**Student:** 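So that we are looking at the same thing, I have put the structure below in structure tokens.
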Amino acid sequence: MIGRLTGRLDHKGEDHVLLDVNGVGYIVHCSDRTIAALPPVRSPVALWTELLVREDLLQLFGFLTLQEREWHRLLTSVQGIGAKGSLAILGVLGADGVARAIALGDANAVKAAPGVGPKIALRVVNELRGKAPAMMLKESGADPLIETTGPAPSAEPAPTGEPAGLAGAQAEALSALSNLGYAPVDAARAVAQAADGATDTAGVIRAALKLLAPKE
């Protein structure tokens, strides 16, 4: 099992990169978002990886964060979502965006990924809804595994995603709500909605509690 690769970025393709690791070139398939976030060619870089093994095929898939790789594993566990579909969803939404869409039951957000139809998007949301709270509690927004020696090369900005601080605030808020006795799925949905207007942990908790309050 190849879990991580560290080496020199030799090539960027449309859906893959070529990583030179001690003279051996590895083709690693990545989402659009990941490729856009990588530094220029010939820079040192590291990627978390997932190895797909079939009778006639070996493919490596690369991710900047462990959270992104875990979502890839969960997405590909859904019938009808292969590795290509998972990368399409992660490319459009990012790991935090996937967690938010599933927590909110937002199949339309998942459907925005190329090649993902409405039935498959709804299946993703329904089957993974129970996984969203645990994923949101995991450390998110960690620094990507881009390793450099000397001055760090400037990387192209990744497509817009959740700020790292907000992701941490959501995780802390979800933990607090769970400790108060709220069901994980309900708490995750409220935290995802509350994140629209709050930027810190206290703000997310206050907004989420209002959403969870009994309706008169």
Side-chain angles (χ1 to χ4, degrees), residues 1-5 12-17 19 26-38 47-142 144-145 158-162 167 170-171 174 184-185 188-189 191-193 195:
M1 185 69 174
I2 302 174
R4 182 187 180 196
L5 287 174
K12 288 184 183 182
E14 290 185 2
D15 61 354
H16 69 278
V17 298
L19 197 60
Y26 291 86
I27 294 175
V28 185
H29 297 268
C30 304
S31 69
D32 295 344
R33 182 179 293 259
T34 294
I35 292 175
L38 290 173
L47 292 170
W48 299 103
T49 59
E50 182 78 357
L51 178 62
L52 174 64
V53 180
R54 292 180 181 167
E55 186 176 344
D56 59 345
L57 180 68
L58 289 174
Q59 277 187 314
L60 273 171
F61 299 90
F63 312 93
L64 287 177
T65 66
L66 278 170
Q67 188 193 31
E68 184 184 12
R69 187 179 71 178
E70 290 306 306
W71 272 119
H72 173 75
R73 290 175 174 176
L74 288 173
L75 287 167
T76 53
S77 73
V78 176
Q79 183 179 2
I81 296 290
K84 183 177 180 181
S86 170
L87 291 185
I89 293 170
L90 288 166
V92 169
L93 298 176
D96 291 329
V98 171
R100 173 181 167 77
I102 291 175
L104 292 174
D106 188 358
N108 285 331
V110 178
K111 189 181 67 174
V116 178
K119 290 183 179 179
I120 297 295
L122 188 60
R123 185 183 300 157
V124 167
V125 167
N126 289 337
E127 291 191 14
L128 298 184
R129 184 171 295 171
K131 305 290 186 181
M135 289 297 294
M136 291 172 71
L137 280 171
K138 289 185 178 182
E139 182 181 359
S140 57
L145 284 178
T160 303
E162 297 284 347
Q170 290 182 77
L174 181 55
V185 171
R189 185 186 304 113
V191 166
Q193 288 181 270

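Just so you know, these numbers come straight off a predicted model, no measurement behind them.
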**Student:** Shortest non-hydrogen contact from A103 to A188?
**Tutor:**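 So the two residues come closest at CB-O, 3.7 Å.
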**Student:** Taking all non-hydrogen atoms of both residues, which atom of L64 and which atom of A37 are closest, and how far apart?
**Tutor:**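 Heavy atoms of L64 and A37 come nearest at CD1-CB, 3.5 Å.
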**Student:** Do F63 and L90 have side chains that get closer than 4.5 Å, going by heavy atoms?
**Tutor:** yes
**Student:** How long is the straight-line distance from CG of L47 back to NE2 of H29, given to the nearest 0.5 Å?
**Tutor:**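 Nearest 0.5 Å value for the NE2-CG distance: 12.5 Å.
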**Student:** So how far is it from I89 CD1 to T76 OG1, rounded to the nearest 0.5 Å?
**Tutor:**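 If I round to the nearest 0.5 Å, the distance is 10.0 Å.
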**Student:** Could you check if a side-chain atom of R69 sits within less than 4.5 angstrom of a side-chain atom of L66, using non-hydrogen atoms only?
**Tutor:**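 A side-chain contact exists here, since the closest heavy-atom pair is under 4.5 Å.
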**Student:** Indicate the atoms forming the closest heavy-atom contact of S31 with L87, along with that distance.
**Tutor:** CB-O, 3.4 Å
**Student:** Search all heavy atoms of G117 against all heavy atoms of K111 and return the closest pair with its distance.
**Tutor:** C-CG, 4.1 Å
**Student:** Work out which heavy atom in V17 is nearest to a heavy atom in I35; give both atom names and the distance.
**Tutor:** CG1-CG1, 4.2 Å
**Student:** Say whether, by atom type as modelled, one donor and one acceptor occur between the side chain of R123 and the main chain of I81 under 3.5 angstrom.
**Tutor:**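 Not at all, since once roles are kept as given, no pair shorter than 3.5 Å links the two residues.
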**Student:** From the options R73, E50, H72, select the one residue that forms a side chain to side chain donor-acceptor pair (under 3.5 Å) with S86.
**Tutor:**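 Exactly one pass, corresponding to H72.
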**Student:** Within this structure, what is the NZ-CD distance for the pair K84 and Q59, rounded to the nearest 0.5 Å?
**Tutor:** 10.5 Å
**Student:** If I take atom CG from residue L5 and atom CH2 from residue W48, how far apart are they, to the nearest 0.5 angstrom?
**Tutor:**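 Rounded to the nearest 0.5 Å, the CG-CH2 separation comes out at 11.0 Å.
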**Student:** Measuring from atom CG of L128 to atom CH2 of W71, what distance do you get when rounded to the nearest 0.5 angstrom?
**Tutor:** 6.0 Å
**Student:** Identify the heavy atoms of A101 and A109 that sit nearest to each other, and give their distance.
**Tutor:**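 Where A101 meets A109 most closely, the heavy atoms are CB-CB, 3.9 Å.
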**Student:** Can you tell me if I27 has over 12 outside heavy atoms packed within less than 6.0 Å of its CD1?
**Tutor:** no
**Student:** Supply the atom-to-atom distance T65 OG1 to D96 CG, rounded to the nearest 0.5 angstrom.
**Tutor:**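 If I round to the nearest 0.5 Å, the distance is 8.0 Å.
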